[in-house]
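To start, the structure itself, in structure tokens.
Letters A, B, ... mirror the listed sequences (proteins, then strands); counts begin at 1.
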Amino acid sequence: MNRQIKILGIVIMLCYFAAFLKLNQIQVLQAGAYNDRPENTRAQLRDFNKPRGDIVTAEGEIAATSEVVRSELRYQRVYPDGELFAHVTGYYSFRLGSTGVERVYNAELTGRTPSLQLHELSGFFADQSSEGDVVLTLRGQVQRAARDALGGNNGSVVALDPRTGDIIAMYSNPTYDPNVISANQGEEAVDVKTLLDAAPSKPLLSRSYQERYFPGSTFKIVTATAGLTSNKVTETTPDYPVVESYTPPLTTRPIKNFDGNLCGGTLFVILQKSCNSSFAQMAAETLGPDPMIAAAEAAGFNDAPPIDLTRPATSVYPTNFGAVVSTPEGAAPVYEDTPALAQTGIGQNDVAATPLQMALVAAGVANKGRIMVPHVMSEIRARDGAVVGSYADSPWRDSMSPENAEILRRGMISVVTDGTASILALPGFDVGGKTGTAQLGLDPPQSHAWIIAFAGPAGQAPTIAVAVMVQGVDGASGSTGGRVAGPIAKQVLEAALMPG
Amino acid sequence: MSEQLLTVLKLCLLALLYLFFLRVLRAVWTEVNPPRVAATPAPIAAGAVSTKKGGSSAKAKASTAKASTAKASKSAKSAMNRRKAPVVPTRLVLVEPAARAGAEYALGPELTLGRAAGCSIVLDEQYVSQVHSRIFVRDGSVFAEDLGSTNGTWVNGSRAVGQMPARLGDRIQVGNVVLEVR
Amino acid sequence: MTITESTTHQQVVVKALGRRRRTTELGLLILAVLVICGTYALASLGKSASLPADIVPFLGVIVALPILAHLANRKFAPTSDPLFLPLAALLNGLGYVFIARLDGDLAGLQALWTAVGIFGYIATLILVRDVRFLQRYRYTFGLIGVLLLIMPLLPGIGRSINGSRIWVSLGPIGFQPGELAKIALAIFFAGYLVDRRELLGVATFRIGRINTPDPKYFAPILVAVGFSLIVMVFEKDLGSALLFFVLFIVMLWVATGRGSYLVVGVVLFSASSYAAWRMFSHVQTRVTIWINPWSDPSGKGFQVIQGAYALAWGGTTGTGPGLGIAGRIPADESDFIFAVIGEELGLLGATAVLCAFLLLAGSGLRVAQRSSDPFSSLLAVGLTTLIAFQAFIIIAGVIRLLPLTGVTLPFVSYGGSSLVANYILLALLIRISDQTARKIPEPLVAR
């Protein structure tokens with residue numbers, strides 16, 4: 001019998017060894033694949049059963065925090081300010097996923113980054129967990145000013161520090177309450193999310209960085225940059241004719257100045273008056289496609305800004321204007337699509353930009369031609385308040401030379417002192433701006449009202465750049481942008497520059 | 001409670017778990033290869049003492065059995081006395097199985113032990129192989145060697161590997177038969 | 001040296017052996033208790049665990065009971081093998097901690113059942129002083145086994161839970177008589193086969209492969225086995241049927257040494273599996289889920305998939321006790337407790353459970369090998385086969401090595417019948433090993 005017992009022992013051993021091998025396969029070799037399966041909710045369950053760091057504003061105000069609840073998921077995300085920071089913090093839901101800072105900085109908030117875990121080790125025996133707080137660059141006061149100024153209008157306000165890329169305020173209307181979507185109890189969240197997804201006004205999308213609009217006349221800063229960079233435009237030349245409208249080659253449709261005004265002159269004059277005829281002519285005849293494309297892309301067009309938020313939209317500027325048709329003397333060659341090129345010079349046709357992108361255009365002018373990477377995170381703090389990581393500012397684009405930036409800086413300041421953006425004037429501060437009215441149609445007359453601006457203490461480098469866009473306002477006159485968007489921008493500038 | 005601390009404690013727990021299994025494996029080893037103690041009280045008690053004096057590492061499990069050998073110290077003493085007398089081994093005395101105890105065999109230059117009729121000492125017992133082992137004298141010393149038996153040949157509880165010397169008073173086990181060297 | 005001296009010497013040796021083995025056992029038990037308490041402490045530290053405070057006395061019970069069993073060993077089976085009890089205590093204790101971590105109410109009941117199991121263990125040690133007592137009543141045990149098996153089918157007391165009609169309710173107490181039936185039938189097989197083995201000794205054991213054994217000698221056992229298997233399939237207790245079949249084939253083969261039985265067994269098994277697959281939809285479901293659980297991830301495949309996710313989530317060292325995501329797997333405290341252990345103690349913990357069963361099996365087979373009494377030896381083989389393959393069948397089901405068939409993980413899973421039956425089984429192994437060691441002071445080969 002002993003022989004059989006020995007064989008039986010070997011068979012049992014082989015069975016258990018097979019089980020051991022299979023265990024290795026499940027627990028080690030294929031563990032990652034199992035964990036990543038979409039219907040496997042363990043990773044989320046873990047996160048929802050652990051404390052999660054807060055998201056706080058630059059002033060320390062809590063924008064998002066976690067509360068312990070009595071349910072299968074121990075922690076419920078709470079946003080004390082409701083919709084105020086919704087498009088920045090995003091939401092954090094077990095069933096619906098997460099967006100915004102909640103998603104981008106998930107590892108920091110759950111404490112899974114090496115620096116946070118290292119820090120936790122230092123407090124080894126303290127009753128301390130590793131989750132980190134995300135400190136935003138946003139200032140609650142400025143964010144509130146943006147919300148209040150925008151009021152019931154659909155639109156967006158973006159304010160940032162041109163020197164660092166810190167987003168100071170970023171508000172978009174309409175918005176949503178992340179508390180409702182993040183609710184893990186009940187079915188309301190799913191229903192609300194379905195409704196919000198279906199709503200034509202797209203409240204879940206941030207108009208600040210996820211949606212694109214005709215930038216209108218604010219794009220003239222980019223056209224001017226193209227002129228200066230290509231050395232075909234200076235402060236004094238050319239002197240564009242004072243006309244009612246400009247008709248590009250190959251078409252009979254004129255590009256009219258607002259309200260049928262006569263308009264023209266040198267660079268600063270046409271900026272101050274926002275002459276459509278002059279900038280259309282500059283794009284079509286003085287410059288041609290290549291300098292325009294180069295300047296637009298140097299400012300960040302055709303590339304999504306690397307902001308630390310989810311799904312930023314790419315602002316677009318067309319890159320193909322067809323073949324050369326003729327080469328007139330003393331002007332740029334005429335292309336098949338030169339009429340379209342003329343329209344892009346005033347921010348129409350196929351140009352589309354996010355308010356964030358236009359704020360970056362202003363920031364480039366304000367920061368000696370250098371556009372910094374925009375970001376909403378300023379630092380990561382451990383639970384004991386120690387800073388374990390901070391955002392490393394870095395340049396994103398050089399939109400123009402410092403010399404040209406200085407010219408445009410003065411040019412934009414002159415728009416405030418002597419032009420369409422006069423509403424922005426703030427005593428004691430150097431303020432530059434550019435209005436825009438992107439016409440959507442004339443029957444009924446509707447347009448996006450824009451304004452981009454920068455400001456700083458008199459004689460010093462600007463400390464804030466702003467872009468305001470109010471979507472689909474009634475009216476399509478040249479003053480619409482300044483009239484509608486101007487006061488909003490001014491309130492935001494005041495809140496940022498003169499706190500208290 | 002810090003997460004890292006919990007992780008460290010978890011690893012300690014797993015270590016403890018495997019320490020348990022190490023101890024179990026050691027116990028299995030002891031079961032399969034029992035320590036050479038207490039096979040016979042008399043000579044081994046003497047052997048255990050001398051091992052200790054020699055300073056060589058006594059097996060851990062030996063200590064547990066030591067108590068029992070101490071109890072048998074009376075016979076141990078007599079065994080030591082016996083060992084002092086310089087007597088040359090001359091014979092094998094059957095100790096077990098009890099039914100045949102007392103049978104004596106003279107030691108020769110070479111003795112074969114087994115169940116087969118041709119063996120010098122025929123041991124017709126259930127656990128003895130046909131030709132089990134041989135016991136021979138060389139230069140006045142007794143050696144036991146296993147001849148590929150099923151149950152092996154043992155000297156004082158240790159399995160004979162190759163030619164194993166047996167001194168006066170040692171016990172040679174062949175299957176279930178125990179012979180003492182006299 | 002005289003005969004009396006030799007006898008005393010033998011007693012001394014037995015005593016020394018017993019002392020050594022009990023010391024080893026106590027040392028290992030203390031370590032096992034440390035592991036259990038450590039796991040418990042960590043589980044209660046784990047943040048997501050919700051252990052009620054009144055669990056602590058139960059834990060005391062869980063720790064005290066193996067010590068009690070150890071004392072019983074000292075008294076009633078002093079020279080028994082020292083590995084069985086610590087390994088069983090470790091498995092029982094680990095299982096208990098994880099049950100407590102999953103469900104505090106069940107933990108109280110499990111503590112109670114453990115106590116009943118330990119008393120069953122001690123009672124078995126006291127009642128069965130000689131294994132051959134069992135041999136004498138082999139047919140009685142065979143009858144008891146069959147009766148126990150069909151009990152759940154009786155109207156009035158039989159209960160069907162989760163689709164399997166394997167429960168019996170007597171007043172407030174519910175239990176699975178099938179767990180005890182397995183032991184009774186193993187005793188019957190051992191007794192019967194040892195009889196036949198002697199009867200057909202020359203034909204089947206010594207020479208073998210030449211004469212075919214007279215089928216009439218095997219008719220009774222074939223009837224018993226066939227009947228039992230049909231009952232188990234009828235009760236939809238596939239795991240038990242599989243285990244029972246393995247038990248029978250293994251014991252038959254070990255007793256006779258004829259490889260042809262294995263071949264016949266495998267052929268029979270394949271044929272009946274195929275027939276079962278054709279006839280029963282629940283068998284088809286098991287196989288479909290085994291091949292691809294993702295064909296119905298939120299329905300029939302849910303349990304297996306969640307088990308795999310739990311194991312994968314555990315990785316190498318696990319989430320830590322109490323830190324896994326409990327309550328995701330149906331039957332996590334019974335059939336799928338292995339997945340919970342794998343999640344919270346990782347590959348290392350799961351492997352430890354495998355090791356414990358493997359070592360238990362090894363000890364059982366060692367006892368079988370050392371025993372000079374064929375009945376004891378064959379019974380030890382049968383009991384070891386029961387434990388080793390029951391554990392393997394459920395573990396292999398959880399990790400999708402085999403189709404899932406619901407049996408408990410011995411000593412670990414929640415369940416009173418299983419726990420009590422396994423402790424009785426353990427007591428029988430202990431008894432055999434004690435008897436073997438006494439008869440020939442040390443197993444012959446090792447002296």
Side-chain angles (χ1 to χ4, degrees), chain A residues 1-52 66 68-75 94 110-111 125 127-131, chain C residues 47-48 197 205 250 253-257 259 294 297-298 305-316 318-319 323-325 327-328 342-343 346-348 350-351 354-355 357-358 361-362 364-366 368-369 371 374 377-378 380-381 384-385 388-389 391-392 395-396 398-402:
Chain A
M1 236 156 43
N2 278 3
R3 190 181 67 94
Q4 289 96 293
I5 293 175
K6 248 179 217 157
I7 295 173
L8 178 62
I10 291 168
V11 169
I12 292 176
M13 254 159 87
L14 288 178
C15 282
Y16 278 75
F17 190 65
F20 174 70
L21 289 183
K22 178 80 184 177
L23 265 180
N24 270 283
Q25 189 208 13
I26 295 178
Q27 298 201 274
V28 180
L29 296 178
Q30 292 182 358
Y34 277 112
N35 293 341
D36 291 342
R37 287 192 76 100
E39 75 275 14
N40 187 353
T41 51
R42 270 165 197 273
Q44 292 99 295
L45 272 172
R46 172 196 57 194
D47 288 349
F48 278 87
N49 279 307
K50 277 175 32 178
R52 185 176 174 87
S66 280
V68 176
V69 290
R70 293 200 62 82
S71 79
E72 190 198 5
L73 305 171
R74 295 227 306 150
Y75 290 91
F94 179 65
T110 50
F125 291 99
D127 188 10
Q128 185 187 327
S129 46
S130 66
E131 74 272 13
Chain C
K47 285 170 197 166
S48 58
R197 173 174 165 263
F205 196 61
V250 165
W253 169 68
V254 170
T256 61
W294 281 276
S298 54
I305 290 177
Q306 290 301 323
Y309 287 168
L311 287 168
W313 191 239
T316 309
T319 59
L323 291 171
I325 291 153
R328 299 293 291 179
E343 177 177 6
L347 176 68
L348 290 174
T351 306
L354 288 180
C355 286
F357 281 112
L358 199 55
L365 292 183
R366 209 168 51 242
Q369 210 166 23
S371 174
S377 190
L378 194 54
V381 167
T384 307
T385 304
F389 280 98
F392 177 71
I395 290 175
V398 169
I399 63 179
R400 226 153 56 78
L401 198 61
L402 292 177

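Residue C:Thr385 touches chain A through its side chain alone, counting heavy-atom pairs closer than 4.5 Å. Heavy-atom distances place both the backbone and the side chain of A:Ala18 under 4.5 Å from chain C. Neither the backbone nor the side chain of C:Arg366 comes within less than 4.5 Å of any heavy atom in chain A.
Listed here is the closest heavy atom pair of A:Tyr34 and C:Ala308: CE2-CB, 4.0 Å. Residue C:Leu378 comes nearest to C:Ala255 through the heavy atom pair CD2-CB, 3.7 Å, listed as atom of the first residue, atom of the second, then distance. Annotation for C:Gly364 and C:Thr384: closest pair CA-OG1, 3.3 Å, computed over non-hydrogen atoms.
Taking the six-membered ring wherever Trp is involved, the centroid distance between the rings of A:Tyr75 and A:Phe48 does not fall below 6.0 Å.
Remark: the backbone N or O of A:Arg52 is not paired with any side-chain donor or acceptor of A:Glu131 at under 3.5 angstrom. With hydrogens and angles disregarded, a donor-acceptor distance shorter than 3.5 Å links the side chain of A:Gln27 to the backbone of C:Leu311.
The most heavy-atom pairs under 4.5 Å with chain A, out of C:Ala396, C:Ala361, C:Ala380, C:Gly346, come from C:Gly346. In terms of heavy-atom pairs under 4.5 Å with chain C, the best-connected choice from A:Ile12, A:Leu29, A:Val28, A:Leu21 is A:Ile12. With chain C as the partner, the residue from A:Gly32, A:Ala19, A:Gly9 showing the most heavy-atom pairs under 4.5 Å is A:Ala19. Heavy-atom pairs under 4.5 Å with chain A were tallied for C:Trp294, C:Tyr309, C:Trp253; the largest tally goes to C:Tyr309.
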